[in-house]
Every structure is written in structure tokens, then in C-alpha cells.
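Heads up, the thing below is written out as C-alpha cells.
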Protein chains: 2
Amino acid sequence: MNAEIITVGDELLIGQTIDTNSAWLGMQLNQAGIWMSRRTAVGDQAGAISAALDEAFARVDLVLMTGGLGPTKDDITKKTLCDYYQCGYRLDEEVLNHLTHLFSKRGRKLLDINKIQAELPEACSTLMNYMGTAPGMWFDRAGKVLVSMPGVPYEMKHLVETSVLPRLKSRFTLPAIVHRTLTVINIPESLLSKELEPLEQNLPEHIKLAYLPHLNTIRLRLTATGAATASLERSLEPSWEDLLRACSPYLLAASDTTAVAHCAAMLQQKATTLSLAESCTGGNIAHLFTLIPGISSVLLGGVVAYANSLKSGLLDVPEQLIHAHGAVSGPVVQAMAEAIRAKTGSDYAIATSGIAGPGGGSDEKPVGTVWIAVASAEETRVKQWHFYGTREHIIERATNTACHQLLLLLQAQA
Amino acid sequence: MNAEIITVGDELLIGQTIDTNSAWLGMQLNQAGIWMSRRTAVGDQAGAISAALDEAFARVDLVLMTGGLGPTKDDITKKTLCDYYQCGYRLDEEVLNHLTHLFSKRGRKLLDINKIQAELPEACSTLMNYMGTAPGMWFDRAGKVLVSMPGVPYEMKHLVETSVLPRLKSRFTLPAIVHRTLTVINIPESLLSKELEPLEQNLPEHIKLAYLPHLNTIRLRLTATGAATASLERSLEPSWEDLLRACSPYLLAASDTTAVAHCAAMLQQKATTLSLAESCTGGNIAHLFTLIPGISSVLLGGVVAYANSLKSGLLDVPEQLIHAHGAVSGPVVQAMAEAIRAKTGSDYAIATSGIAGPGGGSDEKPVGTVWIAVASAEETRVKQWHFYGTREHIIERATNTACHQLLLLLQAQA
């Protein structure tokens, strides 16, 4: 089944806001067996919105719309939909109660401009938005469904997960779909696809393999489509085992995850602690770990030793070691990892030192050269890598690889 | 003048890729006086691409298209456009030379699949893409212009800046447009817009004010539209001076920038150095600074003192100070800033300590409470802040505010 997305808002067209909602929505629907066949962004103008709706409904039976539901006068989606479905307004008591409660909790008075948010087109049923003030709306007329949702990402996501997906699954006859995803690292897509060619050709007709590359990681997703979930799960098992086996040399995780998230989860599971000594990654590893709520049980912290003076000053790396081998070298990155582990008393440590570019490269150590060390009480592993891409890409690739190296060390010590 | 964007690629529809190109393109065109009235994403199917083109050309005279120009068989934009314009192919010698040169530089052999990228529809003129392998194409027929560009962001951006914008300016009669942008921080949009209401009402007819909010910063853009740039510049001056004056209590920079970028530029200009002691921001300040090429002349590095043990262990913050006041307190953040400055020998230092949530808050110190200290040889300034939003938002708001506090200290010592 096909569907389309319409996003509403001048801020999308003039580039003030990057549309992350559509990508997330597309992925959710795709996983539920709905193919997003087109998406359209229009400005806050009634004519543009209803024209886009007419065009979309001429092609598909399901349209998802986000944005334009705020309380201010430039948000006109609700009024436009009321006109489009030629109906009046009704006061939704449940929404009004929610708004009253929300505003009293925030210590603010409910203004008339806010009360109006509880007035909804008669033609729609309400999708309660407990994360914000603008409810979602579900229109179902002449076999065509329109779902209108607020553009605030976490409100939209909450609505989709709690209301929209369940309702879509009961309203439309969707195929049963089962996904299994694993994540590999540091293997080029072209090489991997060549290796997996026989496996892919032997897949049963109802099972597909998708490549979802991002920097130096690729998520590989097996999707089985059919009538019943239980039998799909069973039929997927042999292909999944084959895929796991074929990917084992590059496997980051047998799940859909990121290097940092998986590393954090494994450390949490073992109740062990981590410290960091970052040079070329410049705090990015620490930053990504600390975005995870509750990470303080695992991450003690560390040092961003960007200047060489800090490598010796804060980490006691001997100056003659830096002088003899250069800051971007195995001995220095090893000393950094061991020093931060000793200083913080953490179980494990990661250290990075490299040349992120665009300047600073040489014939011997070109831009993209990165040394990574991972250390435990028993062992320090040190390895040189060569990454490519922009400065930001090199930092991200080094971050992913450092986490993977630590995962391998954790596995070896399991 | 209106224009539309068409983006091509299944990866956009299933959410594998977030479309950042459209936002950037929309902003560039908007600043050149072209209003992006709609954008459409379609999959890699010839029928969908040509239908979207027909529909767009029924509404506007200019369509910008990105994506689908790779060498593999799922990229079909070029063939679709060749069919759409009913023409054959020509070999572009300049493109072939560029490809030969590019591949020899990378030490790779030019394959047939790559040579085909030098074959272009006869109906288009070539937009040389020196950043990659797929050239851009410029079609101009019956008063309607189509610009097709690769979807790789830095290739697309380079093409737009070097070829597309100059050609659009000579092909279409665009208004002269002059922009001036300043950036403010930690003032809610609703309050600011109330304060600026009289100024906005007094603006000459040809000058508009736009609010571009992002977290706790807002870029304010004055745009003058008319016939000649020089007179626009002159006519903009009084409004710009008024705006600067009205915004002075919240001013981050009299330009279009970010807190980190402006802070880095000011430090570079003064040839001074910075170190960091981050707790709740968890390395984000270091990370954002180190994304800037050449930042090593300014940023020495610092400590991510996430655990209290590291605040005392790495930064020598007395344990009884943490015990007496809590880690999230003025005395502790002051000690952190002064310690990292002393240990690294930097001219300036920033320290942060707070509760990013979602857990860890209390009545006395709710989630969002952040203490920030900025230190120089002469002075340490310490202040408590209350930020709201998700964990990520609180970290970003604290990062911006910390940079702003340092800017104020730099200004006071200028």
C-alpha cells in the first residue's frame, strides 16, 4: 500500500527548519508495510495545502500531514482542513481538560488563544496529544484517510507510536512484516554486497535484504512479508543465521544500533566503567556517550588532550615519547589510554590521536590517519586506521571504530 | 519569483536519508530573491519523476532537482530527463577529462560505468562538478528552466555557489536583495517580538524583519528588496542601527553565526587560548570547537569531569567543597574553571556543571539547572541558569550560554 506525506510550513521552504519528521515517518511506515511514494512540502497557505491534498488523494488512499497546528495566526492547517471537509467546529472536552491541566501544571493561565486548540473540525476524530497542546486529527471519508499531526518532532513521534500506527493497522489491510537488523562496521558497501551476493540470491521470494549505510557502519535489514507474523519469524530464522555468519568478521551488533549506544549498553550490562583520552575526536566520544540518559553509571569522563602540552600536562605522556614518535603514533595513544585509566580508576579506557584535516597531513601521515587504543587492566590494544571524508566524517568514523575496538576487547574478556 | 525543488531517491522516502539539501537550497534561493513555493520528494522511478516535473512546470518557471545522478543502475534521473526532453546523448569532453584526471589522482582505473557519466543529454548545458563525478545539467526550454544536480551535499552546494546562482541571476530578472543578520541569545521569541513591535511597524515598506529561532538563540534578519544594491545598503543602515540598539542587551553577535563559531573567532582574533572543564555538557563544547578547522591555535583541550571523582581527581576540586555545596553549585564550577586554567596554562577557561535530565532533578535543583563559570587571569564569573527541553536541548543551551558568557568576559577586557 502506498501513502504520501504533506508537510506544512514556510519555515521548511525557506530552509529555516530541516525536515527530520518525514524521514522518521517514512521509516516507521515502511516497517509497517506502507510505502511512502511521495512527499510534498508546502507553505502556510490554504490554497497550496488543499491543492496538495487533492493531488495526493488522486494517487493514494492515505495521507499523513504534519505542521501548521500552533495557536498563532500563521498556523492555518486546522482551518484549511475544516474548509476542505466542509464542516463546522466542535469543542473536544477531553482536549480542553488536558490543556487546563497542562497549563495549571506550568503555572500559566489558559488564554482564549489556547482554548481554541480544543475546538476541532466536526469531520475528524481526535488523536490525543499528551506531549503538547495541539491534538492530532483523523479524517476518514470516501475511503480516503488523512492524518494531521503537529510538526514538533517528539509530539508527532509520540502520536504516531501511540495512536496513528495502531489505527492504521486496524483501518487498512497491511501485510504482516517481520524485520531483523544487524550492524556492521568498516567494510565498504560494494565489497560487502559482492560477498553477500550468493546469500541474497538464495533468499526466499518473500524475504528481502536492505543496505542502510551511514559513514563507516551499515545496517543490514532482512524483511519478511506475508500473512502471519509467527510463520514469518520461523521462515526468517535460516536466512538470519546465514547473514549473521557471513557478516561475523565485520559485525558491530546483531541489532539495529549505533557503535556508541551498543558500547554503552555492553558496559552497562557488565557494570563496568569507562574513561576517555581524546585528541583528534576532540570530545565527540564523550559527547555522544553523555547524550545517553543514565550514562553516569558507566562513563566517568576523561580528558580532551587536543594540544600536545595537555597530553603531557594532564595525562603525563612523556614529552620525549611525543618527540620520538609524534603525537599521532601508537606509543603515544597507548600511553594516553593507560594514563587515563590509571588516573580515573576506570575498568576500561579509549584513546584517540589522529589528523582530522583538512590541514596537518603529510606524506607519512596523511589526513585521516588515526591511532586508537583501548585498554583494560589486562591488556592495551593499539591500532592505526585510515579514514576518509570531511573533518567531521573522520571524527565520526574514528568514534565508531574506537567503540567497536572496545567491544572486541570486552568480548575477548567475556 | 517562485521556484520548486524536486528531490529524487527512494532513500529519502523510506527515511534512510534526511534531506538537508532542500533546506540549504531554500535558504540560498530565498536570499537571492527566489521564493521556494513547494518541494517534492519522489522515488527512483521515471514515471514519478516526469509527473512531478510536469506538475511543477505548470506552476513555476524554475525547478531545481537533486539526486539520482550516480553511476549505478538505480540512479535514473539523467535517462529520465533525456526522455523528458526527447533528445539523444552527447559526450562532454571537459567532463571526460575531469573524470580521467580525478580517477588517476585516486590511483583508480576509469571504468566504462564511470565514462558514461560524461555522456549528457543534448538538450542541456553542462554545470561542471569539480567536487565529484556527476556533472550538473541546465535545461532551458520554452521559458522554463530545470537545473539537475547531484544529491551529495557538498557537491550540490559547490555547484550552486559557483555555477547555478550566477546563472540564475543572469537568466532571470531577480530583485536586488540586501540582508543584514544579527544573533541574540537567551531572550524568548515572544518577548523579543513584543519589544521590537514599534521598530517593526516603523520599517520602510521595502524592508522586512525575519525571526530565525534555534534553541536559545534567534537570528534576526533584515531584508531590503528593491532595484539597486548600493541604495538598498544605504536605506538599510538606519533600521540596522535601530535593531542593533534594541537587541544590545541580548546580542550574541552582529552577524549570522553560532555561539561557538563566534567565540572561536573572537579568541582567534585576540590570539588567546581556551581550556574547558565540562560536567553536564559532557564534551559537547570541546566537540563543537574541534569541528572548526585550525582550532588548535585556540583550544588546548580540557577535562570532561562527568563523575564527581574526576572533579576532585583530575581537577583537584576539594571533596569537601562538593560535599558542602553539591557538584551542581557555584563554588564547584568556579573551582573547576580556575583549576583547568591553571593546569593547562590557557588564557581563558569555561566550566559547566548541571542536571541535563531526564533523571537527577530535585525541588531545589530541578532538571535544567546549570552553573556556568568563565575565567581569565583577572576574574572568574559564575552564574546559575535554568534551561528547559530534552537532555540534548539542555546541553546545547548550556553550550551556547557558556560561549556567550565567555564573549562578555572577552568584551569587558577588550
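Note that this is a predicted model, so its numbers are computed, not measured. Throughout, protein chains are lettered first and strands after them, A, B, ... in sequence-line order, and every chain is numbered starting at 1.
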Tell me, side chain or backbone of A:Arg219 under 4.5 Å from chain B's heavy atoms, or both, or neither?
-> neither

Side chain, backbone, both or neither of B:Ile395 within contact of chain A (heavy atoms, under 4.5 Å) | side chain

So, the part of B:Leu315 with a heavy atom under 4.5 Å from chain A: the answer is neither

Can you tell me which residue pairs pass the salt bridge (charged side-chain N to carboxylate O under 4.0 Å, His left out) test with a partner in residues 286-304 of chain A, sequence neighbours excluded?
-> none

Does B:Arg38 reach the main-chain N or O of A:Gly43 with its side chain, forming a donor-acceptor pair under 3.5 Å?
-> no

Toward chain B, the part of A:Glu55 with a non-hydrogen atom under 4.5 Å | side chain

Residue selection (most heavy-atom pairs with chain A, distance under 4.5 Å) from B:Thr344, B:Thr390, B:Leu276, B:Thr7 | B:Thr344

Which residue pairs pass the ring pair (Phe, Tyr, Trp, His ring centres under 6.0 Å) test when at least one of the two sits in residues 284-304 of chain A, sequence neighbours left out?
-> A:His287-B:His287

Contact class of B:Arg39 relative to chain A, heavy atoms under 4.5 angstrom = both

With only heavy atoms counted, which part of B:Leu310 is less than 4.5 Å from chain A, the side chain, the backbone, both or neither?
-> side chain

Rounded to the nearest 0.5 Å, the OG atom of A:Ser22 sits from the CG atom of B:Asp19 at a distance of 8.5 Å

A:Ser296, part contacting chain B, at a heavy-atom distance under 4.5 Å = both

When you look at A:Ile340 and B:Leu314, which way does the side-chain contact (heavy atoms from CB on, under 4.5 Å) test go after all the steps?
-> CA-CA 10 Å; A:Ile340 195 68; B:Leu314 288 180; 4.3 Å; yes

So which part of A:Ala52 gets closer than 4.5 Å to some heavy atom of chain B, the side chain, the backbone, both or neither?
-> both

Atom group of A:Thr17 that falls short of 4.5 Å from chain B, counting heavy atoms = backbone

Where does B:Thr273 contact chain A at under 4.5 Å (heavy atoms): side chain, backbone, both or neither?
-> neither

Looking only at B:Leu12, B:Thr290, B:Ile295, B:Leu25, most heavy-atom pairs under 4.5 Å shared with chain A are made by B:Thr290

For A:Tyr211, is it the side chain, the backbone, both or neither that has a heavy atom under 4.5 Å from a heavy atom of chain B?
-> backbone

